[in-house]
Amino acid sequence: MTNVRVRFAPSPTGPLHIGGVRTALYNYLFAKKHGGTFILRIEDTDQKRYVPGAEEYIVKSLEWFGLTSDESPLAGGDYGPYRQSERKSMYKKYAEELIEKGFAYYCFDTSDELDTWRKENEASGNQGVKYNYLTRGEMKNSLSLSPEESRKLLDKGENVTIRLKIEPNRSITINDEVRGDVTFNSSDLDEKVIFKADGMPTYHLANIVDDHKMEISHVIRGEEWLSSTPHHLLMYEYFGWTPPSFSHLSLIIKPVGKGKLGKRDGAKFGFPVFPFDWFDTKTNETFIGFQETGYLPEAVINFVSLLGWNPGNDEEIFTMEELIKLFSLDRIVKAGARFDVDKSKWFNQQYIIAKANTELADLLKPMLVERNIDVTEDYLLKFVDLMKERVEMLPDFFTGGAFFFSMPEEIEEKMARKKYKLENRPHFDAMIEMMRNMQQFTSSAIETTIKSYISENELGFGAILPILRLGTCGTMKGPDLFETMELLGQQEVIDRLSSSLEVFTEIKNRQNA
RNA sequence: GCUCCGUUCGUAUAAUGGUUAGUACACUUGGCUUUCUACCGAGUAAUAAGGGUUCGAUUCCCUUACGGAGUACCA
């Protein structure tokens, strides 16, 4: 395959969502696999739905995931501009070219007229009427009106759109790379507007003009475009251009229930749908992001890559480089994939465990600031090392490891009641005293000290160690007790144990009373 | 409604015209262990239904059911 050029072409109408991330990823992987070019093109032809900040959000998201584009509005390139609004001037002549060739025609119906036309039809039982070869005769357009009338309306210049003209009864076949041959009959197609009254092209025109001019070789996009692909193919034919190859990706489905994953499903099911937090100024809603939830971008990429694609073997942890090597369009799954929250968490955990302590520490630093926690670099690194394998999301470091920064107010009393024996108090006091006298407060030294005390006094681990853990951590969950103690430090451990023992004794006395 | 697409354990998926239908997550359970993890081992669990074609179908064909997408001067 030579000269692979693919594009990711989002519309800046809101934040990039997980389905878009997957589409971008597959485009990226395909381009890199074939030594091709990955292009970011912003499709901002709809002025009404344009959302300020959305483009920046999309760019930032792609960056976070490492999906760097070779050509884009920011990076530039030989095929620019890469924003359709900046290409506005060139689309009209293509629309007019189609009219000259007889492959398109002017329309003068207003949106309201079309609206009522559809509603009337529906009311009389005719659902889903189309503007096509059968109905265009009853509408206002350059095919139904006399040339003089058309001319007049055209000169007036109000509500003029251009529609694609489609001859009935032609078989149009898409050779889709993932779905195989998909055939449509042209009689079933509607004659879509390709040029709007506001002077902007619609997606259909802009898309094929740009794909052609940017020499896009492979179009990899969402399934929602499959049914308009015959229109696109027709336009390539009308212009005399060679169409690119097409691959249509199935959609990502809600974790439970029906339908495609929507932006509100995140809040509903407790997981993010967007890369970063997003505040919708129209509805005053806040949507949570993968980053803020504590996902690592490489984990999300790995997870998403396997949502509708697989390399054909049993492996599933892949770096971007490996994905590039392994990716192929023919291993894309046709069926829609459900977003599995549990699996995404598992991936994140795997990636956290595998990540270098220093890198994790860097990610945690802003979170330390937020929480007003002040520790040394050395302390942070050791903390990370002890906690990393029991963390799924980044913030879990602070929920699960809170006791590394201060003794919890609440101690798990149940365990104290169960395990603490008043008659062991002298032993605990003795052990604290031994700790106080230790020259080197290292985990191995503490371990030897405690364990030999236990065996010398024939106490049993079960009666002592849980209490020591509870007394220093306030919880039964946590890393190796002796390593935890070493990190906490001699004085801190002694202080915590001393005051905890008072609490335990009190609990026990209350229980006995 | 119409057009198009899809359907293998709960989920993501593998494989095959003849197999004990594999793997991972989740779940249950055993081991390791001072706890929680991680790790290692075991277990539960699937070819949507009905017709064909065939010696034989989960695999090919048809129908049905269910799910999805499109049906805008939105992308």
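Sequence lines set the chain letters: A, B, ... in the order given, protein chains first and strands last, and positions in each chain run from 1.
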N/O donor to acceptor pairs below 3.5 angstrom from side-chain atoms of residues 392-401 of chain A, sequence neighbours left out:
unit_1: A:D396; atom_1: OD2; unit_2: A:E392; atom_2: N; d: 3.0
unit_1: A:D396; atom_1: OD2; unit_2: A:M393; atom_2: N; d: 2.8
unit_1: A:T399; atom_1: OG1; unit_2: A:D396; atom_2: O; d: 3.3

Is there side-chain contact between A:C473 and A:R496, with at least one heavy-atom pair below 4.5 Å? no
When you check every protein heavy atom under 4.0 Å of nucleotides 35-41 of chain B, what one-letter string (B, S, -) results, 5' to 3'? BBBSS--
Counting the atoms with a prime plus P, OP1 and OP2 as sugar-phosphate, which does A:G222 contact under 4.0 Å by heavy atoms, base, sugar-phosphate, or nothing? nothing
Heavy-atom distance under 4.5 Å between the side chains of A:V219 and A:R7, does that happen here? yes
Between atom CG in A:N207 and atom C1' in B:C74, what is the gap in whole Å? 13 Å
Can a side-chain donor-acceptor contact be found between A:Y91 and A:D210 if the only test is distance below 3.5 angstrom? yes
A correct dot-bracket answer for RNA chain B, with pairs being Watson-Crick or G-U at under 3.5 Å, [ ] for crossing pairs and | for inter-strand pairs, is (((((((..((((....[...)))).(((((.......)))))....(((((..]....))))))))))))....
Whole-Å C1' distance, B:U23 and B:G6: 23 Å
Before you tell me yes or no, could you show the steps for A:S186 and A:Y133 under side chain to side chain donor-acceptor pair (under 3.5 Å), namely the whole-Å CA-CA distance, both residues' side-chain angles and the distance that decides it to 0.1 Å? CA-CA 10 Å; A:S186 65; A:Y133 72 105; over 6 Å; no
Could you give the NZ-to-P distance, from A:K92 to B:C73, as a whole number of Å? 19 Å
Closest nucleotide among B:A72, B:A75, B:G10 to the A:S11 side chain: B:A75
Results of side-chain hydrogen bond (donor to acceptor under 3.5 Å, both in side chains) for A:E315 - residues two or more places apart only: none
Among residues 39-49 of chain A, which contact RNA chain B at a heavy-atom distance under 4.0 Å? A:E43, A:T45, A:D46, A:K48, A:R49
Rounding to an integer number of angstrom, what distance separates B:A75 and B:G17 when you compare their P atoms? 45 Å
To the nearest Å, give me how far apart CZ (A:R83) and P (B:A75) are. 17 Å
Here the residues of residues 160-180 of chain A within 4.0 Å heavy-atom distance, strictly under, of RNA chain B are A:T161, A:R163, A:R179
Pick the C1' atom in B:G22 and in B:U33, then give their distance to the nearest Å. 32 Å
Using a 4.0 Å heavy-atom cut-off, does A:F347 contact any base of the nucleic acid, only the sugar-phosphate backbone, or nothing at all? nothing
Tell me, please, which residues at least two apart from A:K263 pass salt bridge (charged side-chain N to carboxylate O under 4.0 Å, His left out). A:D280
RNA chain B: 5'-proximal contact among A:D109 and A:G462 (nearest heavy atom): A:G462
Can you tell me how far P of B:A24 sits from CG of A:N302, to the nearest Å? 16 Å
Shortest non-hydrogen contact from A:A463 toward A:F428: O-CZ, 3.9 Å
Quick one: do A:E167 and A:R170 make a salt bridge, cutoff under 4.0 Å? no
For B:C40 versus B:U54, give the span between their P atoms, rounded off to a whole number of Å. 50 Å
Listed in order of residue number, which residues of residues 182-196 of chain A have a non-hydrogen atom at under 4.0 Å from RNA chain B? A:V182, A:T183, A:F184, A:D188, A:V193, A:K196
Measure the distance from CZ on A:R221 to P on B:A69 and round it to the nearest whole Å. 17 Å
May I ask you to check whether A:Y26 and A:F8 place their ring centres under 6.0 Å from each other? no
Qualifying residues under side-chain hydrogen bond (donor to acceptor under 3.5 Å, both in side chains), relative to A:D188, sequence neighbours excluded: none
Does the plane of the ring in A:Y106 sit parallel, tilted or perpendicular to the ring in A:F108? Use 30° and 60° as the thresholds. parallel
Could I get the full list of side-chain hydrogen bond (donor to acceptor under 3.5 Å, both in side chains) partners for A:N169, not counting sequence neighbours? none
Rounded interatomic separation in angstrom, taking CD from A:E55 and P from B:A75: 16 Å
Which is true for A:R331 with a 4.0 Å heavy-atom rule: it touches a base, it touches only sugar-phosphate, or it touches nothing? sugar-phosphate
B:A46 and B:C9: how far apart are their P atoms, nearest whole angstrom? 9 Å
In this structure, how many angstroms lie between the P atom of B:C5 and the NE2 atom of A:H248, rounded? 13 Å
Rounding to an integer number of angstrom, what distance separates B:U47 and B:U64 when you compare their P atoms? 23 Å
Side-chain N or O of A:N310 less than 4.0 angstrom from OP1 or OP2 on B:U13? no
Write down the distance separating the C1' atoms in B:U8 and B:A24, rounded off to the nearest Å. 15 Å
Kindly assign one of parallel, tilted or perpendicular to the pair A:F274 and A:F287, based on the angle between their ring planes and the thresholds 30° and 60°. perpendicular
Using a 4.5 Å cut-off on heavy atoms from C-beta on, say whether the side chain of A:P201 contacts that of A:Y203. no
For A:L114 and for A:D340, locate the closest nucleotide of RNA chain B by heavy-atom distance; then report the residue assigned to the nucleotide nearer the 5' terminus. A:D340
Name all pairs fulfilling the ring pair (Phe, Tyr, Trp, His ring centres under 6.0 Å) condition that reach into residues 443-483 of chain A, sequence neighbours left out, sorted by first residue then second. A:H427-A:Y453
Closest of B:A14, B:C73, B:A12 to the A:S111 side chain is B:C73
Describe the nucleic acid contact of A:N159 in one word from base, sugar-phosphate, nothing, applying a heavy-atom distance below 4.0 Å. base
Taken in chain and number order and not counting sequence neighbours, the residues that satisfy side-chain hydrogen bond (donor to acceptor under 3.5 Å, both in side chains) with A:S406 are none
Would you say the side-chain atoms of A:D176 pair up with the backbone N or O of A:H248, donor to acceptor, closer than 3.5 Å? yes
Base, sugar-phosphate, or nothing: which does A:V341 touch, judged by heavy atoms less than 4.0 Å apart? nothing
How close or far is atom P of B:C5 from atom CZ of A:F246, stated in whole angstroms? 16 Å
Side chain of A:H204, heavy atoms from C-beta onward: which of B:A24, B:A75, B:C73 has the nearest atom to it? B:A75
Just to be sure I understand the rule, does A:L468 reach a base, reach only the sugar-phosphate, or reach nothing, if contact means heavy atoms closer than 4.0 Å? nothing
With heavy atoms under 4.0 Å as the rule, sort A:A335 into base, sugar-phosphate or nothing. sugar-phosphate
If only side-chain N and O atoms count, and only distance matters, is there a donor-acceptor pair under 3.5 Å linking A:S250 with A:E223? no
What's the closest nucleotide to the side chain of A:Y203 if the choices are B:U34, B:A12, B:A75? B:A75
Roughly how far apart, to the nearest Å, are B:U58 and B:U20 at atom P? 15 Å
